[in-house]
Amino acid sequence: QTHLLQQISVHTQQQDESQGEASFEKDVNGCTVSITVVGASGDLAKKKIFPALFALYYEGCLPEHFTICGYARSKMTDAELRNMVSKTLTCRIDKKENCSEKMDQFLKRCFYHSGQYDSPENFAALDKKLKEHEDGRTSNRLFYLSIPPNIFIDAVKCASLSASSGNGGWTRVIVEKPFGRDSESSAALTRSFKQYLTEDQIFRIDHYLGKELVENLSVLRFSNLIFEPLWSRQYIRNVQLIFSEDFGTEGRGGYFDNYGIIRDIMQNHLLQILALFAMETPVSLDAEDIRNEKVKVLRSMRPIKLEDVVLGQYKNHTRGDVVYPAYVDDKTVPKDSLTPTFAAAALFIDNARWDGVPFLMKAGKALHNKRAEIRVQFRHVPGNLYKRNFGADLDQATNELVIRVQPDEAIYLKINNKVPGLGMKLDRSNLNLHYAARYSKEIPDAYERLLLDAIEGERRLFIRSDELDAAWSLFTPVLNEIEEKKITPEYYPYGSRGPVCAHYLAARYNVRWG
Ligand code: NDP
Ligand code: BG6
């Protein structure tokens, strides 16, 4: 706890120097942070935001004086909000511990205010309520927009005009995806935000950047001598970014049908991982230095060709007595929807480091397993002395580094070794860093890290507007083409490995999916 508070103090000292913003150092003497969850009655707020805030409180990461206020149209009392929130809080840090006392203390700091998203008067009333809890302290205000995107701007306008910080405190707004659905709508959203906020106040969340193993990617690469020299076309044959879920769009079909898997997963989560993976060494760990490198790599990417994209949609499947529904069985999805629930694509980075290396992405819902992985397949050993021992399996004998983001986090390197004994039989083994075996403490949820960073003003893991522009520039043309040509997806059974065409795509680039 002391360590975390020291970290907070360092961060905020830096902020004071660079931006003249209020810091937690003053917290003890009269500074407070008020966190308003806009859309508090919704799914994300219940599932992720309140539990993450509780975990931060439990860990001692929130400042001494803080207030959490839920805001939404639904009518609720403070007690009803607390009751709703309490159902999703868990003693995540240590499951054996009874943390009910901490939960009660946390819930006492949670309040609710009902209002419309486009009403300055309702936000002014929120401001009044927050001021009561802030008790004359310098107030730093964080708004988390956990609402559908069509009401982002109304809420930001009202929050910034009627409920932003006072007494020299800061105002920050966390925005959830989707950030538009193409270059044009994303740019329009950014322009609208900038009428009310500066870029520094906008924290665009991609929760994959808050996942432990995604954060560890840079550490692995830049703090180990053995990886960075291999990190180029010279040694790497291909890179795979894989996302799969073993359930469909259950409950979110309405949202999903307007976006599809490319916008839902590839253009943001997988592309962000790719940028971190492939960027050049940043000048420092400063947010702007890292984001500058990410933008550079995104802008070096080759336009995606339609023939390098495979689309799929899940159909129903009966296993035993259970009938798994098709995507279009969802009542909120049109029966003739062509929206892809699966996509695979080959991407290329036209720069000196990655020229010719295929980056294959694969993302799908209702597949046979749930996983998110980065797989790095290395080239053949030139003039391999053990060629004969591998025989026909030589192609399988290349090294592979796997970063398993979830579940069961791990980083393992597939190597070749000799089977102990008098003969010369070769075997494939894993050098394995298995997180559950190595670390006893539970891994924090991505939302905890990101919320803490937003409170601290650390922008490293949030998306800057030029990154977003570059990401949309890459995907918009191919998305338009898919929609204009009304490409029919390949139908795959719920719970299967996905469309067969994904294997043909990989084979075209001499890749076998891991
Ligand atoms: P919800 O659909 O649950 O909406 C949140 C709240 O917004 C609702 O409780 C409702 O509150 C209000 N709301 C909903 N629809 C409207 C509408 N048409 N007009 C005005 N208010 C409305 O969203 P989620 O909680 O699922 O998601 C919030 C945001 O986070 C969205 O932008 C979503 O895309 C994004 N997101 C969600 C994820 C998830 O797992 N749920 C994952 C990643 C991103 P009330 O009626 O009380 O005002
Ligand atoms: C969200 C997508 O961004 O990420 C969802 O909108 C997806 O469709 C989710 O299910 C996956 O997140 P996680 O953290 O559960 O892998």
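Atoms within a ligand are numbered from 1 in the order they appear, just like the ligands themselves. Numbers here simply count residues along the sequence, with the first being 1.
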What's the shortest distance from [atom] to any protein heavy atom, and which residue and atom give it?
| atom | answer |
| --- | --- |
| atom 11 (C) of ligand 2 | Glu245 OE2, 3.5 Å |
| atom 41 (N) of ligand 1 | Asp43 OD2, 2.9 Å |
| atom 5 (C) of ligand 1 | Ser146 O, 3.4 Å |
| atom 8 (C) of ligand 1 | Ser41 OG, 3.7 Å |

(request) May I ask you to check whether His207 and Tyr447 place their ring centres under 6.0 Å from each other? (result) yes

(request) List every atom of ligand 1 that sits less than 4.0 Å from any heavy atom of Lys47, numbering the atoms from 1 in the order shown and giving each element. (result) 39 (C), 40 (O), 41 (N)

Would you indicate which of [options] comes nearest to [atom] when only heavy atoms are counted?
| atom | options | answer |
| --- | --- | --- |
| atom 7 (O) of ligand 1 | Pro148, Ala40, Pro178, Ala72 | Pro148 |
| atom 8 (O) of ligand 2 | Asp445, Asp264, Asn268 | Asp264 |
| atom 33 (C) of ligand 1 | Lys177, Glu176, His207 | Lys177 |

(message) Looking at atom 23 (O) of ligand 1, tell me if a protein heavy atom falls under 4.0 Å from it.
(response) no

(message) Strictly less than 4.0 Å: does any protein heavy-atom distance to atom 18 (N) of ligand 1 fall in that range?
(response) no

(request) Could you tell me the separation between the CG atom of Asp104 and the CZ atom of Arg82, rounded to the nearest 0.5 Å? (result) 10.5 Å

(message) Are more than 12 heavy atoms, taken from residues, nucleotides or ligands other than Lys157, located less than 6.0 Å from that residue's NZ atom?
(response) no

(request) Please confirm whether Phe256 comes under 4.0 Å of ligand 2, counting heavy atoms of the residue only. (result) no

